Amino acid sequence: MSDHLTPEQFDRLMCGKLSPGELRSALLHFLNGCAPCSAKFGALLDLAEGSPAALRAGGKEIVPSGSERYDAAIDRAFAVARRHHARLARERASVRRGLTPYLLSPGGLATFLGRHASRRQGWALCEVLIEASHEVRFDDPRHMLLLALLAKTVAERSSGRRYGLPAVKDLQAAAWAELGNAERVNDRLEDAMEAMDVALAKWEEGTGDPLLLARILDLTAMLYSAQRRFAEAQELLERVHRLYLDLGEDHLAGRVLVNLAISANYSGDSQEALRLLRQAVSLIDAHRDPKLAVIAKFNLMDFLVDAGEFREARRLLLTSGLRAALGSDRLNLAKLRWNEAKIAAGLGDLSRAETAFLQTREQFTGLDLPYKAALVSLDLAEVWLRQGKARQVGSLVEEILATFRALRIGREAVASLILLSEACRLNRVTVGLVQEVVSFLSEADLSLHEQLEEEI
C-alpha cells in the first residue's frame, strides 16, 4: 500500500474488489492513523445509512478493538457502503444518459432540471454537471459557467440528512471551486475569487478530503496567474504538486507541472519551463485526459521553439500526433503550422519556412486575428531577408505597421515598427534588427494581446 490510498483503490475497496491481502493492508493503513484516508473512508461510510458511529467520526476512532463483534460491524458497514456506492454509480449513469441530450441547450437544461428536481439523484446530478462543465471549458466558456452555476445550485440543495453533512459540504466545496474556475475562464476574476473563498470554507466544514483540497488550491493558483500574481501562484502550485504526489496522483501532479512551466516561462526562466514540461509529459495519462496531454505537448513544442531547440521540436512534431489530435480546431491548427514554419526556418529550410509562414498568415487572417497575422508577417520578413528579398520586406513592414495602428497597439510596439520601416526605406534593414523587434514584441504585455483577440 502506498503512502495514501488512490481514488482507484478506494473505488475497488467500496466495490469489494480488493484482494484479501490488499484489504488487510488498507485496514492496517487506517489503523496506523492516516487521517486523510481515514477521513475519506469515514465520509464514504457516512453516505451509507446505518454505518457504525465510530466509523463516521472522520477516522479518529476507526476500530476501537479487535473483537469479533466489531469485525462483524465493519463487515456490515462495508456491505452497506458498497450498496450505496453501486447505487450512486447507477444514478450517475442514469442522470448522464438523461442529461446528455440537453447539455448544449440552456432551455433544454431548464426542462430537464424541472422534470428531475424532485428525484433523489441530487448527488449524481451535481457530479455530472461538474463533469460536463469541465468538458466544455475549451469550446464554450459561457456554457461552462452555466453548467457550473447549476452544479453549485444542486449542491446547495443537497440533503445532509440523506448523504451526511460532512460529505455534502465536500460536494458543495467541489461545486463552488468549479464555479470559481468557470468565472475565471470567463474573465470574471472578482467573482471567481469569492467563489474560491466559499469553496475553501466549505471544505473546512467537510471531511478533510486532501484530494479535494488539492483541487481547490490548484484552481486558486490558476486564478492567481490570471490576476498576474505569479509568485503566489507558483508557491501554491508547488504545494499542490507535492500534495498530488503524496496522494499517488501522478497524472494530476503532471497537470500542475504544466501550469508551473507556464509560470516559469512568464518569469523568464525558459530552461526551467522546459524541464518541467518534459517531466509533465511523462506523468500525464493521455487516456484519462486526452485534451490535457495535447496541451502539454503543444506547450512543450512552443517552449522548445522559443528556446531554439529546433531538432527536438521537430522530433516532437513528428511523433506527437498533434495534428490528428487537434482535429478541426482551426485556431490551434494555425498555431501548430506557425511552429512548423519556425522549426523549418530554425533548421535552415527557408523555402519550406516561407510557404508555411504564408499559409499561417492566411489562416490567422481567415480567423479574423490580424494581430497574430501581423506577428507571423514579421517572422516571414526575417525569412525573406535571409533569402535576399529585402525589397519585399519594406512593403510587408508597412502592412504590419498599419495593422498595429488600427488595433491601437501600444506606442512602444508601434515605435519599434516605425524604426524597422525607416531602416527598410534606407535599405539598412538586417536580420538582426528584425529579430530584435520580434523579441521585443514577444516580451510585451501578453494580457493586451489576449484582450484584443477576444474583442475582434
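Numbering starts at 1 and runs along the sequence shown. This one's a predicted model, so the numbers in the text were calculated from it and none came from an experiment.
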*Asks:* With sequence neighbours excluded, what pairs up with H241 under the side chain to side chain donor-acceptor pair (under 3.5 Å) test?
*Replies:* none
*Asks:* Around R311, counting heavy atoms of other residues, nucleotides and ligands shown, do more than 12 lie under 6.0 Å from its CZ?
*Replies:* no
*Asks:* Which of these, V258, L300, L316, sits in a side chain to side chain contact (heavy atoms under 4.5 Å, CB included) with V281?
*Replies:* L300
*Asks:* Taking all atoms of both residues into account, what is the closest heavy-atom pair of P210 and L247, and its distance?
*Replies:* CG-CD2, 3.7 Å
*Asks:* Would F310 and R315 count as a side-chain contact (heavy atoms from CB on, under 4.5 Å) if you check the C-alpha gap in whole Å, the side-chain angles of each, and the deciding distance to 0.1 Å?
*Replies:* CA-CA 9 Å; F310 298 114; R315 284 195 297 271; over 6 Å; no
*Asks:* Aromatic ring centroids of F404 and Y371 under 6.0 Å?
*Replies:* yes
*Asks:* CD/E249 to CG/L283 distance, rounded to the nearest 0.5 angstrom?
*Replies:* 11.5 Å
*Asks:* Would a 4.5 Å heavy-atom cut-off, applied to side chains only, mark L336 and M301 as touching?
*Replies:* yes
*Asks:* For the residue pair E238 and V256, establish whether any side-chain heavy-atom pair is separated by less than 4.5 Å.
*Replies:* no
*Asks:* Mind checking the NZ-CG spacing from K297 to L322? Nearest 0.5 Å is all I need.
*Replies:* 6.5 Å
*Asks:* State, yes or no, whether a side-chain contact exists between L200 and L213 at a heavy-atom distance under 4.5 Å.
*Replies:* yes
*Asks:* Let's go through L417 and L378 carefully: what are the C-alpha distance in whole Å and the side-chain angles of both, what is the deciding distance for side-chain contact (heavy atoms from CB on, under 4.5 Å) to 0.1 Å, and is it a yes or a no?
*Replies:* CA-CA 10 Å; L417 284 171; L378 277 172; 4.1 Å; yes
*Asks:* Please report the closest heavy-atom contact between A313 and I343, naming both atoms and the distance.
*Replies:* CB-CD1, 3.7 Å
*Asks:* Determine, for D218 against R255, whether the closest basic-nitrogen to carboxylate-oxygen distance falls under 4.0 angstrom.
*Replies:* yes
*Asks:* With sequence neighbours left out, write down each residue that passes side chain to side chain donor-acceptor pair (under 3.5 Å) with D329, or none if nothing qualifies.
*Replies:* N332
*Asks:* So, for L277 and A261, which heavy atoms are closest and what is the spacing to 0.1 Å?
*Replies:* CG-CB, 3.5 Å
*Asks:* Would a distance-only check, ignoring hydrogens and angles, find a side-chain to backbone donor-acceptor pair under 3.5 Å from E205 to K169?
*Replies:* no
*Asks:* Are W338 and D379 linked by a side-chain donor-acceptor pair shorter than 3.5 Å?
*Replies:* yes
*Asks:* Who passes side-chain contact (heavy atoms from CB on, under 4.5 Å) against I418, sequence neighbours left out?
*Replies:* L401, R405, V414
*Asks:* Does the D170 side chain pair with the main chain of T207, one donor and one acceptor, at a distance under 3.5 Å?
*Replies:* yes
*Asks:* Judged by atom type as modelled, is there a donor-acceptor pair below 3.5 Å linking the side chain of N186 to the main-chain atoms of A182?
*Replies:* yes
*Asks:* Would you call R337-E340 a salt bridge at under 4.0 Å N-O?
*Replies:* yes
*Asks:* Less than 4.0 angstrom from a charged side-chain N to a carboxylate O is my criterion; do K202 and E156 meet it?
*Replies:* yes
*Asks:* Measure the shortest side-chain to side-chain distance between D250 and Y244 over non-hydrogen atoms and say whether it is less than 4.5 angstrom.
*Replies:* no
*Asks:* Out of curiosity, W176 CH2 to M196 CE, how far, rounded to the nearest 0.5 Å?
*Replies:* 11.5 Å
*Asks:* side-chain contact (heavy atoms from CB on, under 4.5 Å), that's the test. Do Q363 and R330 meet it? Break it down for me.
*Replies:* CA-CA 8 Å; Q363 287 174 303; R330 294 172 63 204; over 6 Å; no
*Asks:* Whether D285 and R288 form a salt bridge (side-chain N of Lys/Arg under 4.0 Å from carboxylate O of Asp/Glu) is what I want to check.
*Replies:* no
*Asks:* Less than 4.5 Å apart, any side-chain heavy atom of P370 and any of D368?
*Replies:* yes
*Asks:* Drop me the distance from R184's CZ to S225's OG, to the nearest 0.5 angstrom.
*Replies:* 8.5 Å
*Asks:* What's the separation between atom CG in L189 and atom CG in D187, rounded to the nearest 0.5 Å?
*Replies:* 6.0 Å
*Asks:* I'd like to know if the side chain of S133 and the backbone of L129 have a donor-acceptor N/O pair within less than 3.5 Å.
*Replies:* no
*Asks:* Do L331 and F364 come within less than 4.5 Å of each other through their side chains, counting heavy atoms only?
*Replies:* yes
*Asks:* Might you work through the side-chain contact (heavy atoms from CB on, under 4.5 Å) test for L145 and L179, ending with a clear yes or no?
*Replies:* CA-CA 7 Å; L145 180 57; L179 175 60; 3.8 Å; yes
*Asks:* Looking at L245 and A253, what are the two nearest heavy atoms and their distance?
*Replies:* CD2-CB, 3.7 Å
*Asks:* Atom CG of L304 and atom NZ of K342: how far apart are they, to the nearest 0.5 Å?
*Replies:* 12.5 Å
*Asks:* Is the shortest distance from a Lys or Arg side-chain nitrogen in R278 or E312 to a carboxylate oxygen in the other one below 4.0 Å?
*Replies:* yes
*Asks:* Please say whether more than 12 non-hydrogen atoms of neighbouring residues, nucleotides or ligands are located less than 6.0 Å from CD in E362.
*Replies:* no
*Asks:* Where do S282 and Q279 come nearest, in terms of heavy atoms and distance?
*Replies:* OG-O, 2.6 Å
*Asks:* Just so I know, are the side chains of M193 and Q227 near enough to count as touching, which here means a heavy-atom distance under 4.5 Å?
*Replies:* yes
*Asks:* What is the minimum heavy-atom distance between L217 and L243, and which atoms define it?
*Replies:* CD1-CD1, 4.3 Å
*Asks:* Would you say the side chain of T403 lies within less than 4.5 Å of the side chain of I400, judging by non-hydrogen atoms?
*Replies:* no
